[in-house]
Amino acid sequence: MKKWLWALAALLAAAALLITYRFSSPGRNRQPLKLWYVSGEFSPADLELLASRYNDQRQEEHYALVPRGFATEEELAAAFEQSRPDLLLCSYDRAASLGSREQLAELVGADWDYLPEIEDSLPYAGRSFFPLGSAVPLLVYNQAALESAGITAAFSSLEELYAAAEAYRERTGKPFFTADAVTPLLAAWCGSLGYALQGDAERDALHESFCRVYNGLAQCAYDGCFLPPTGDAPGLVEVGELPCALISSIQAVSLADGCAAVPLPLPESGAAVYVPEIMGLAVTGANSYALPSARAFLLWLRENYSPWDALSLGLVPAGAADCEPDLAMSQLLMEVYESRRPLVYAPLGSYMEQRQEMEDQLGRALDLLY
């Protein structure tokens with residue numbers, strides 16, 4: 001009898017050990033592959049759908065993908081100081097900044113295919129950053145607000161936008177447009193004129209093209225036609241407080257009914273280009289045991305991530321010539337992709353910090369003018 005009890009006890013102990021191993025060892029179902037992002041920039045519903053698709057198809061030995069959204073960049077950064085995700089959905093500028101501080105992991109053997117101009121500008125391409133598409137500046141407008149002022153939404157050039165802003169100011173006494181951020185606009189306008197924005201106010205201020213586009217925007221602020229960035233450009237347009245705003249395509253995806261968007265107006269003499277803010281997934285070095293699962297997820301994306309996935313996030317897809325969009329925003333983003341050459345600037349060193357410093361300087365200067 002005792003032998004039988006000892007055998008049963010040994011069997012139960014072995015079963016308990018097996019269960020403990022199954023649910024605690026790396027690579028098992030209960031271990032998450034953490035993906036963090038700013039929910040104000042990306043649709044949580046779209047990311048949850050992407051995670052669900054992956055988790056249904058993933059191999060058993062790899063972690064299930066679990067997205068976590070943060071309301072703002074500041075909240076994400078605060079959480080990042082306490083712990084780190086395995087994957088971070090962010091701009092390449094941010095990934096380059098993290099990489100310079102050795103917070104990104106290197107995925108050995110990962111070889112992604114990019115457009116040549118993107119591949120040449122990404123030192124981390126194929127190692128720790130997987131591009132999903134490009135966020136681009138767009139002009140969004142409230143149709144009712146324009147109609148009430150008798151202004152047609154025909155902004156084929158930057159000069160026409162300024163003329164419409166002046167007319168609106170004369171008729172209503174109010175500013176016509178605002179922007180979510182100034183630096184991406186100046187980058188696109190300077191790029192259209194053939195100058196690569198450096199992100200350094202002192203260097204850029206010495207170039208004729210930068211002076212031309214900045215002075216035009218500053219004149220609008222001085223005349224009361226342009227309201228400097230306030231932090232909620234899309235919201236002001238949605239409620240009709242301002243007729244127009246220059247914002248990121250990521251924000252434009254979720255605009256309310258009654259709003260529409262057009263490509264960013266460029267200077268009349270400028271080339272048809274856009275300066276993309278490349279968005280993608282950065283692999284952090286927080287959990288080395290999660291790297292095989294992170295690599296498996298990126299390999300899955302390579303095979304299953306379609307141009308439609310990019311469009312649903314408000315990104316200009318790469319290599320999407322076979323797309324036939326049926327939604328207004330999809331059509332617009334495809335128009336940008338097909339008709340304008342991407343002009344990609346490689347982030348250098350502390351470019352992210354330089355860009356933020358420049359944005360702050362420009363914002364303060366425009367506030368004083370207004």
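Atom set for the values below is all heavy atoms of this structure, side chains included, hydrogens, waters and symmetry mates excluded. Numbers here simply count residues along the sequence, with the first being 1.
- Taking CG from Leu88 and CG from Leu104, the interatomic distance works out to 8.5 Å, rounded to the nearest 0.5 Å.
- Scanning for ring-ring contact (aromatic ring centres under 6.0 Å, His included) contacts around Tyr141 gives an empty result, with sequence neighbours left out.
- Residues Pro175 and Leu242 have side chains in contact (heavy-atom distance under 4.5 Å, counting atoms from C-beta outward).
- Contact check for Phe177 versus Leu227: no side-chain heavy atoms found under the 4.5 Å cut-off.
- For Asp223, there are no salt bridge (Lys or Arg N to Asp or Glu O under 4.0 Å) partners at least two apart in sequence or on another chain.
- Ring centroid separation for the pair Phe70 and Tyr37 does not come in under the 6.0 Å cut-off.
- Between Ser306 and Asp309, the closest side-chain pair of non-hydrogen atoms falls below 4.5 Å.
- Sorted by first and then second residue, the side chain to side chain donor-acceptor pair (under 3.5 Å) pairs involving residues 231-243 (not counting sequence neighbours) form an empty list.
- For Tyr195, the ring-ring contact (aromatic ring centres under 6.0 Å, His included) partners at least two apart in sequence or on another chain are His207.
- Sequence neighbours left out, the pairs with a member in residues 278-287 that pass side chain to side chain donor-acceptor pair (under 3.5 Å) are Asp86-Asn287.
- Side-chain contact of Glu160 with Ser156: a donor-acceptor pair under 3.5 Å is present, judged by distance alone.
- Among residue pairs with one or both ends in residues 360-370, none qualify as salt bridge (charged side-chain N to carboxylate O under 4.0 Å, His left out); sequence neighbours excluded.
- In this structure, Arg68 has no salt bridge (Lys or Arg N to Asp or Glu O under 4.0 Å) partners at least two apart in sequence or on a different chain.
- With a 4.5 Å cut-off on side-chain heavy atoms, Ser39 and Pro44 count as touching.
- Scanning both residues, Ser128 and Ala105, for their nearest heavy atoms gives CB-O, 2.7 Å.
- At least one side-chain heavy atom of Leu366 sits under 4.5 Å from a side-chain heavy atom of Val182.
- Pro131 is listed as a side-chain neighbour of Ile278, based on a closest heavy-atom distance under 4.5 Å.
- Hydrophobic clustering, with ILVMFWY side chains joined whenever heavy atoms are under 4.5 angstrom apart, groups Tyr162 together with Val262.
- Remark: Tyr168 pairs with Phe176 by the ring-ring contact (aromatic ring centres under 6.0 Å, His included) rule, at least two apart or across chains.
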Show me, pair by pair, the donor-acceptor contacts under 3.5 angstrom made by side chains of residues 264-273, not counting sequence neighbours?
| from | atom 1 | to | atom 2 | distance (Å) |
| --- | --- | --- | --- | --- |
| Ser269 | OG | Arg212 | NH1 | 3.2 |
| Ser269 | OG | Arg212 | NH2 | 3.4 |

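- Every residue meeting the ring-ring contact (aromatic ring centres under 6.0 Å, His included) condition with Phe297, not counting sequence neighbours, appears here in chain and number order: Tyr54.
- Minimum interatomic distance between Pro234 and Leu255 (heavy atoms only, all atoms of both residues): CB-CD2, 4.0 Å.
- Applying the salt bridge (charged side-chain N to carboxylate O under 4.0 Å, His left out) test to pairs two or more places apart or on separate chains, none has a residue in residues 164-185.
- Applying the salt bridge (charged side-chain N to carboxylate O under 4.0 Å, His left out) definition to pairs two or more places apart or across chains, none involves residues 278-293.
- Residues Cys190 and Val213 are in side-chain contact: their nearest non-hydrogen atoms beyond the backbone lie under 4.5 Å apart.
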